[in-house]
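Working notes, structure below.
Worth saying up front: this structure is predicted, and the values here are computed from it rather than measured. Numbering starts at 1 and runs along the sequence shown.
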Amino acid sequence: MKIISKKWLKAAGIRAIKTVAQTAVALIGTNAIGITEVDWLAVLSASALAGVVSLLTSIAGLPEVQEDE
């Protein structure tokens, strides 16, 4: 099995994008009294880091990608 295939890249990318969005929503919701008080740099950096961690975690395996394909 190839570790990185087109199917794996697509599945891992979708999972990472969802993780970034979920992290951003969580941080915005917990940091904000008003929209102007959000630390956007912190939200961006934490969300980006979550995306990288998601991609690295996907190396261990993705249930969406069958090993026999």
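Taken together through direct or relayed side-chain contacts under 4.5 Å among Ile, Leu, Val, Met, Phe, Trp and Tyr, V52 and L44 form parts of separate hydrophobic clusters. Residues L62 and L9 share a hydrophobic cluster, clusters being chains of Ile/Leu/Val/Met/Phe/Trp/Tyr side chains in contact below 4.5 Å.
With S45 contributing its side chain and A42 its backbone, the two residues share a donor-acceptor pair below 3.5 Å.
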(request) Test L27 against W40 for side-chain contact (heavy atoms from CB on, under 4.5 Å), laying out the working first. (result) CA-CA 9 Å; L27 289 173; W40 292 107; over 6 Å; no

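For the residue pair T23 and A50, the shortest heavy atom distance occurs at OG1-CB, 3.4 Å.
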When the side chains of residues 11-22 are checked against the rest of the protein, which donor-acceptor pairs come out under 3.5 Å, sequence neighbours left out?
unit_1 : atom_1 : unit_2 : atom_2 : d
R15    : NH2    : E64    : OE1    : 3.2
R15    : NH2    : E64    : OE2    : 3.0
T19    : OG1    : R15    : O      : 2.9

